Amino acid sequence: MTQTEYYSHYRYKRCLKVNNNGTSNIDKIPTEILREIFSILYNDGINTDRAETWEDLYSCIFVNKYWSANATPILWSNIIPLPGTITTYMAFFKEEERKELEKSGIPFDNICDIGSATYCYPSFLKSISMHELSVAIFLWCRNNCPQPITKQYNLLLRGILNIFANLCITLYQLDLDKRSLLDCLHHELWILLQEPNYRSFISHVKQLSLDIRKLVNDDCLELLCQTCRRLKILKIDMTVDETFWPSDNKLADIIKSQKGLKTFYLRRGKITPKIVSALEIHAKSLKMLHFRRVDFEKCTSLQSIFNYSKQLEVLIVRGCKNLSESVCEELMNTASFPKLVEVDFEDSNCEGLMSWSTIIKRHEHQNIQVV
């Protein structure tokens, strides 16, 4: 538990002290402390037992109005991949939109109107996983629409994206790293980029997770580079056959279109001179480099990045192959970087790894953590 978490927990326990009349002071917990508690609860569970986390936060909503007002924005900050989520979002369709969707076989019998909604739930979204949104829509259509559901699914997807575009003002993260249901050709990014309203909506995103196969054509790549130019965190999955897909050119274009990347994560694929050259632009701003199961066969040097990467705090090269001796030496020399706090070379076939621990010991005063 961090010092901040301990302080929040301590103040939380004091605020819950039972009075002489048998009542508690839960309404007197300061707003910032209560939100911190709910955030810790959410963040600790979101990557472990998500269902339990949702249930815990959902229960908090019913304690009283004060707790509800503080727990609801956190609970609805991400897509919950359940059909009930879609039922809630559908309340925000306008009357004319409802009539058009009903003509296409999408029922609104059990959907409340916008005036009955307790909160503007889409406005709380900070992170959108297109995969989880797809799962929720698929389940809702399967339960409520006549088969086949492809038409209703696509209409509802576009309709809900339009609701997000109009009401969501805090979007920070967009995940397009998994294949969505009924979308075997990876078209959901193209859907987002075709509509000017959607492009405006995602233009403020700071974190993007992208399966490179989502770039279905050159226009899609060009629009992405024009739209998402403020990324601080870029996570790329290049699990693709290089023979059929010039993915390094596409990735290099995305990297070069950004103004100041702080984190770059590459999963699979090959690191090529074009990608290295693109990363040089961000060398002064990079704080984290993470290569996972990447092939370094075509990479002869990373020194052009490291020459200016003095802000680097985390360096992970895990499960990578074809690391040359010169690249290994460059990686290990980063131990002298003033802000480096974590390095991880697990399962990478670098011959110099045996001496890495010795190098780290020489720099123990920098508190470098070897994972």
Side-chain angles (χ1 to χ4, degrees), residues 127-135 157 161 171-194 198-199 202-203 205-282 286 288-299 302 305 316-322 348:
S127 174
I128 293 179
S129 164
M130 289 299 292
H131 174 73
E132 294 187 342
L133 177 61
S134 174
V135 168
L157 173 62
L161 286 174
L171 188 65
Y172 177 88
Q173 179 178 341
L174 178 63
D175 292 340
L176 289 150
D177 55 349
K178 293 182 180 179
R179 177 174 294 183
S180 296
L181 297 169
L182 303 183
D183 187 32
C184 59
L185 295 179
H186 303 281
H187 284 158
E188 73 266 26
L189 176 58
W190 185 228
I191 291 172
L192 283 169
L193 293 171
Q194 278 183 310
Y198 299 164
R199 290 202 298 273
I202 65 173
S203 64
V205 165
K206 297 294 190 296
Q207 178 173 330
L208 176 65
S209 298
L210 177 67
D211 183 333
I212 207 73
R213 291 171 292 182
K214 305 292 185 183
L215 300 171
V216 294
N217 53 46
D218 291 337
D219 289 338
C220 186
L221 172 64
E222 183 178 355
L223 284 172
L224 178 64
C225 292
Q226 292 174 358
T227 303
C228 299
R229 302 175 63 88
R230 306 177 185 181
L231 298 177
K232 299 302 179 185
I233 301 173
L234 178 60
K235 298 182 178 182
I236 298 291
D237 188 339
M238 288 177 62
T239 308
V240 64
D241 189 339
E242 183 188 324
T243 306
F244 301 100
W245 215 287
S247 51
D248 63 333
N249 289 329
K250 296 185 177 185
L251 177 53
D253 287 344
I254 296 172
I255 295 172
K256 287 187 289 187
S257 69
Q258 303 310 310
K259 295 182 179 180
L261 282 177
K262 292 186 177 180
T263 294
F264 178 72
Y265 171 91
L266 179 61
R267 183 176 183 270
R268 296 188 180 274
K270 294 186 178 183
I271 180 106
T272 66
K274 291 180 180 178
I275 296 175
V276 172
S277 177
L279 286 172
E280 289 175 24
I281 301 172
H282 306 282
L286 280 171
M288 178 177 179
L289 278 174
H290 187 162
F291 300 104
R292 189 175 185 87
R293 298 185 181 180
V294 173
D295 189 344
F296 277 75
E297 181 181 12
K298 295 185 177 182
C299 178
L302 295 172
I305 301 175
I316 300 175
V317 184
R318 178 176 288 185
C320 297
K321 61 182 181 179
N322 293 321
S348 293

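Note that this is a predicted model, so its numbers are computed, not measured. Values reported hereafter were calculated over all heavy atoms of this structure, with side chains retained and with hydrogens, waters and symmetry mates removed.
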Which atoms form the tightest heavy-atom contact between [X] and [Y], and what is the distance?
X    : Y    : answer
R268 : M238 : O-CB, 3.9 Å
L221 : K250 : CD1-O, 3.7 Å
A278 : K256 : CB-CG, 3.6 Å
L174 : M130 : CD1-CG, 4.3 Å
Y172 : V205 : O-CG1, 3.5 Å
S247 : I212 : CB-CG1, 4.0 Å

For E222, all residues meeting salt bridge (charged side-chain N to carboxylate O under 4.0 Å, His left out), sequence neighbours excluded: none

D175 side chain to S209 side chain, donor-acceptor N/O pair below 3.5 angstrom: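 Judged by distance alone, the side chains do pair up.
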
Rounded to the nearest 0.5 Å, how far does [atom2] of [Y] lie from [atom1] of [X]?
X    : Y    : atom1 : atom2 : result
L286 : L261 : CG    : CG    : 6.5 Å
E280 : L302 : CD    : CG    : 10.0 Å
W190 : C220 : CH2   : SG    : 6.0 Å
L224 : L231 : CG    : CG    : 7.5 Å
L279 : L266 : CG    : CG    : 9.0 Å
H282 : K259 : NE2   : NZ    : 12.0 Å

Are [X] and [Y] packed together at the side-chain level, in the sense that at least one heavy-atom pair is separated by less than 4.5 angstrom?
X    : Y    : value
L161 : L133 : yes
N322 : K298 : no
I254 : L210 : yes
D248 : K270 : no
I255 : I275 : yes

Listed partners of T263 passing side chain to side chain donor-acceptor pair (under 3.5 Å), at least two apart: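 Side chain to side chain donor-acceptor pair (under 3.5 Å) check on T263 returns nothing, list empty.
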
Expected output: side-chain E297 to main-chain K321 donor-acceptor under 3.5 Å: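 A pair under 3.5 Å: no.
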
Qualifying residue for side-chain hydrogen bond (donor to acceptor under 3.5 Å, both in side chains) with D237, from R267, R213, K214: R267

Test side chain to side chain contact (heavy atoms under 4.5 Å, CB included) applied to T227 - qualifying residues, sequence neighbours left out: L193, R199, I202, S203

Quick one: which residue pairs count as a ring-ring contact (aromatic ring centres under 6.0 Å, His included) with a foot in [range], not counting sequence neighbours?
range            : answer
residues 247-277 : Y265-H290
residues 209-229 : none
residues 217-238 : none

Enclosure of N217 CG (heavy-atom neighbours >12, cutoff 6.0 Å): yes

Exceeds 12 heavy-atom contacts within 6.0 angstrom, atom NZ of K232: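 Counting neighbours around NZ of K232, more than 12 heavy atoms of other residues, nucleotides or ligands fall under 6.0 Å, so yes.
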
Steps toward side-chain contact (heavy atoms from CB on, under 4.5 Å) verdict (I316, R292): CA-CA 8 Å; I316 300 175; R292 189 175 185 87; 5.9 Å; no

